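Okay, structure first, notes after.
A quick note: this is a predicted structure, and the numbers were derived from the prediction, not measured. Just so it is clear, the values below take in all heavy atoms, side chains as well, and ignore hydrogens, waters and symmetry mates. In what follows, chains are A, B, ... by sequence order, proteins preceding strands, each numbered from 1.
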2 protein chains.
Amino acid sequence: MTRKSNGDAGGRSTIRDVAARAGVSASTVSRVLGGEYPVSTATRTRVMRAVRELDYVADARAKAIAGVGTPTLAFVLDDITGPSFAHMAHGVEREATRLGHLCLVCSTDGDTDHELEFIETMRAQRAAAVILVGGAADTAEYRARMSRIADSLASAGSRLVLCGRPPLDPGTPVTVIEYDNESGAYALCAHLLAQGHRRVLFLGGKPENTTAQGRERGYLAAHRAHGVDPDPKLRLSADFTRDAGHRLMRQALSQGLEFTAVMASTDMVAAGALTALHEAGLSVPDDVSLAGYDDIPFARDLYPALTTVHVPYEELGRLAVRTALSRTPDTPDEHLLLGTHVVVRGSVAAVGEAAGR
Amino acid sequence: MTRKSNGDAGGRSTIRDVAARAGVSASTVSRVLGGEYPVSTATRTRVMRAVRELDYVADARAKAIAGVGTPTLAFVLDDITGPSFAHMAHGVEREATRLGHLCLVCSTDGDTDHELEFIETMRAQRAAAVILVGGAADTAEYRARMSRIADSLASAGSRLVLCGRPPLDPGTPVTVIEYDNESGAYALCAHLLAQGHRRVLFLGGKPENTTAQGRERGYLAAHRAHGVDPDPKLRLSADFTRDAGHRLMRQALSQGLEFTAVMASTDMVAAGALTALHEAGLSVPDDVSLAGYDDIPFARDLYPALTTVHVPYEELGRLAVRTALSRTPDTPDEHLLLGTHVVVRGSVAAVGEAAGR
DNA sequence: TCCGTCGTAGGAACCGGTTGCCATGGGTGT
DNA sequence: ACACCCATGGCAACCGGTTCCTACGACGGA
């Protein structure tokens with residue numbers, strides 16, 4: 001008997017067990033399973049039978065270490081529960097499997113330490129690429145940390161991809177894919193202003209979050225372009241959740257803020273705000289117009305259907321994977337900026353007879 | 001110089017590179033990094049410096065094969081985009097990392113072959129557990145396939161977990177966690193009937209899907225319990241998507257079906273149906289009552305807020321991980337059934353003055 | 001001063017695969 | 001009938017770690 005015989009089923013069997021059962025060497029089993037090497041039909045049959053009887057599957061980790069593994073790719077996000085990121089995860093996952101990669105998903109719940117830890121784990125796993133998604137605070141500390149990670153991954157033959165995150169200093173080995181928050185918000189806000197609205201309430205995200213900042217910049221730029229001076233009191237912020245939108249809107253109403261339209265920084269925020277408006281007995285868009293951002297599927301089913309900005313999240317995920325994996329060592333660092341477009345539905349009306357509250 | 005020297009950064013470095021740089025043997029490096037073994041302070045310092053200079057991280061695959069790896073756990077679902085499954089994925093992911101496991105996520109888009117392939121890959125990865133989620137067709141072929149997978153995983157020291165899927169024959173090494181679709185649907189439908197509704201339109205999922213079947217059974221059972229004979233014409237089915245709900249409802253309206261309430265098999269379906277009702281100029285709940293199932297966060301933001309059945313998806317995911325990982329070889333096979341409860345919101349009213357269409 | 005012991009570090013086997021290189025044996029051409 | 005060639009399969013090294021076992025040096029005690 002071999003050093004560790006393994007009769008039949010029960011306990012993972014090794015390639016040596018298969019070899020013993022088939023009466024051949026381990027190399028032969030490997031070659032039969034590998035495919036290319038010429039093996040006689042009789043031997044192949046015996047080996048395959050042994051494989052079947054033992055229900056043998058080669059250990060992927062061992063294969064990986066020997067250099068013939070399934071490559072892996074990591075996807076790190078704040079919270080898989082958010083519809084927009086979920087769509088992105090879907091795109092990533094689809095494209096990864098299409099390209100024969102495994103896909104590790106991790107949500108960090110916004111915890112920076114957890115994120116760091118996870119990236120380190122991914123480096124240990126020798127992931128082909130690490131995709132980070134979602135806005136973050138663009139601090140010096142952030143840049144330093146990310147640069148270190150980028151270098152670290154690059155030197156290990158991997159690649160850092162930032163999606164919708166603040167880009168790093170030029171020269172850092174990183175792929176950046178952004179969707180144009182500012183332009184999208186600009187276009188959306190311009191649409192509101194074109195409808196005659198002059199007091200547009202902005203419901204933002206975390207002030208330090210670059211996605212939130214970009215959308216707020218678009219809001220401000222549109223006002224300037226239309227010669228409207230935006231009232232700072234009309235800019236509220238919390239985070240990108242439905243509850244934040246609900247809370248902020250209740251607060252705005254109870255404070256007696258005057259506005260004829262609301263621009264939420266997220267469809268989720270818009271959903272919460274919409275409910276708060278309904279609860280206050282206000283009609284959308286007759287009393288107040290409302291717009292969101294992201295164009296999540298549910299935006300169509302709000303009542304009234306939500307005017308919003310479409311962001312191609314799934315395509316974004318696909319793109320992130322594709323650009324990261326199709327790299328050759330001398331590919332220049334890419335920085336892609338994806339466009340967005342306004343989707344007009346029923347939640348915005350011209351400021352007309354009923355002039356808001 | 002060693003067989004493959006690796007001066008400093010650039011190209012992943014091995015433990016031998018670190019050892020060479022620190023002037024010690026690989027075993028010593030391993031021990032310094034491992035922690036427990038006594039190493040002199042001077043040596044430890046030198047090794048740690050070399051590790052830092054080379055930015056070394058031990059290869060997780062190699063560690064795994066040597067028996068000291070981070071355990072991994074796989075989560076397979078139809079589509080991460082669906083809000084309910086996304087919440088479950090979140091629960092799984094959180095609990096997995098809490099227990100120090102890595103979490104592989106794969107969506108199969110309902111493709112059985114793809115699912116099979118992925119499970120095989122997971123077995124090759126020596127995943128500690130494979131969690132399958134989402135209803136499926138309960139055919140003889142399904143049972144045979146799943147039993148084989150369960151045995152196969154069990155014999156490799158792994159574990160199959162079915163979440164919201166048809167259970168297998170007793171004796172199969174599998175953990176089953178179900179949420180009680182029939183009871184939930186029963187309670188919900190009873191609520192509708194108690195409000196005086198007698199013609200309740202049921203918008204189902206795929207007829208072969210066990211989740212859809214369970215909810216339909218609850219619908220029927222509630223009718224029987226209330227002495228109401230359900231009209232078969234009032235049972236439509238497609239799938240669990242928002243678009244299906246929208247389409248089915250349009251169809252029902254154009255066919256002139258008579259009903260005073262709608263019970264959708266999913267909140268997503270309900271959302272689509274609600275929009276179709278609005279488009280037809282019908283008011284909910286004044287003209288028609290509407291109820292969903294799943295209690296996704298958005299259910300509150302539909303207008304009117306959706307009466308639905310709450311399913312603890314995140315908790316379900318946590319539970320799946322916990323029961324799967326806390327197993328000892330002689331733990332009996334578990335079969336958990338989680339309860340649900342009806343959440344009453346504004347989309348259902350007593351059948352009153354306005355008697356539907 | 002000599003010996004025993006403890007602390008420390010290295011050598012080598014092993015984890016489960018892959019693959020380069022070589023030996024063997026049967027078949028074929030002349 | 002002899003030589004040659006090619007098909008086939010085994011040995012051993014290697015991938016990047018861990019860990020058992022052993023050797024060596026320093027120290028303390030007798």
Side-chain angles (χ1 to χ4, degrees), chain A residues 2-6 11-48 50-51 54-71 121 123-126 156-157, chain B residues 2-6 11-48 50-51 54-71 121 123-126 156-157:
Chain A
T2 49
R3 125 192 78 89
K4 182 174 155 193
S5 88
N6 212 328
R12 57 219 90 197
S13 39
T14 76
I15 197 170
R16 275 168 271 269
D17 297 323
V18 177
R21 188 174 191 106
V24 296
S25 74
S27 349
T28 303
V29 175
S30 175
R31 290 201 263 253
V32 169
L33 265 36
E36 294 317 299
Y37 201 87
V39 176
S40 74
T41 313
T43 309
R44 156 164 289 120
T45 308
R46 287 216 314 288
V47 170
M48 291 312 284
V51 166
L54 260 45
D55 199 18
Y56 169 77
V57 178
D59 189 317
R61 290 106 34 111
K63 298 186 75 142
I65 182 186
V68 284
T70 306
T121 306
R123 194 153 76 92
Q125 292 283 345
R126 302 298 188 254
Chain B
T2 50
R3 123 191 81 86
K4 180 175 154 192
S5 87
N6 213 329
R12 57 219 90 198
S13 41
T14 75
I15 196 170
R16 274 168 272 268
D17 298 324
V18 176
R21 188 174 191 105
V24 297
S25 75
S27 345
T28 303
V29 175
S30 175
R31 291 201 266 252
V32 168
L33 264 38
E36 294 316 301
Y37 202 87
V39 176
S40 75
T41 312
T43 308
R44 156 166 289 120
T45 307
R46 287 216 314 288
V47 169
M48 290 313 283
V51 166
L54 260 44
D55 199 18
Y56 169 78
V57 178
D59 189 318
R61 289 106 36 111
K63 297 188 74 142
I65 187 187
V68 285
T70 306
T121 305
R123 194 153 75 91
Q125 292 283 345
R126 303 297 188 255

Nearest whole Å is fine: how far is [N] [atom2] from [X] [atom1]?
| X | N | atom1 | atom2 | value |
| --- | --- | --- | --- | --- |
| A:R31 | C:dT19 | CZ | P | 10 Å |
| B:L33 | D:dG17 | CG | P | 10 Å |
| B:R16 | C:dA9 | CZ | C1' | 17 Å |
| B:I15 | C:dG10 | CD1 | P | 12 Å |
| B:Q125 | C:dG17 | CD | P | 13 Å |
| A:D17 | C:dG16 | CG | P | 9 Å |

Given [options], which nucleotide is nearest the side-chain atoms of [X]?
| X | options | answer |
| --- | --- | --- |
| B:S40 | C:dG17, D:dG10, C:dT8 | C:dT8 |
| B:S30 | D:dT18, D:dG10, D:dG16 | D:dT18 |
| B:V24 | C:dG17, C:dT8, C:dG10 | C:dG10 |
| B:I65 | C:dA9, C:dG17, C:dC15 | C:dC15 |
| A:T28 | D:dG10, C:dT8, C:dG11 | D:dG10 |

Which part of the nucleic acid does A:R126 contact within heavy-atom distance under 4.0 Å: base, sugar-phosphate only, or nothing?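 Sugar-phosphate: the residue A:R126, judged by heavy atoms under 4.0 Å, touches backbone atoms but no base.
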Using a cut-off of 4.0 Å on non-hydrogen atoms, how would the nucleic acid contact of B:S27 be classed: base, sugar-phosphate, or nothing?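 Here B:S27 touches the bases of the nucleic acid.
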Specify the angle, to 10°, made by the local axes at the two ends of the helix from C:dT1-D:dA30 to C:dT30-D:dA1 when five pairs are taken at each end.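 If I round to tens, the end axes sit 50° apart.
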Which heavy atom of B:V18 sits nearest a heavy atom of B:V51, and at what distance?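 For B:V18 versus B:V51, the nearest heavy atoms are CG1-CG2, 3.7 Å.
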Earlier contact from the 5' end, DNA chain D, for B:A66 and B:Y37: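 So the residue in question is B:A66.
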A:G67 or B:V39: which one's nearest nucleotide on DNA chain C is closer to the 5' end?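 Comparing both residues, the 5'-ward one is B:V39.
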Qualifying residues under salt bridge (charged side-chain N to carboxylate O under 4.0 Å, His left out), relative to B:R126, sequence neighbours excluded: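 Partners of B:R126 under the salt bridge (charged side-chain N to carboxylate O under 4.0 Å, His left out) test: A:D59.
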side-chain contact (heavy atoms from CB on, under 4.5 Å) partners for A:S40, two or more places apart: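 Scan of A:S40 (side-chain contact (heavy atoms from CB on, under 4.5 Å), adjacent residues dropped) gives A:A42, A:T43.
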Should A:K63 be listed as having a side-chain N or O under 4.0 Å from OP1 or OP2 of C:dT18?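 So the side-chain polar atoms of A:K63 do come within 4.0 Å of the phosphate oxygens OP1 or OP2 of C:dT18, strictly under.
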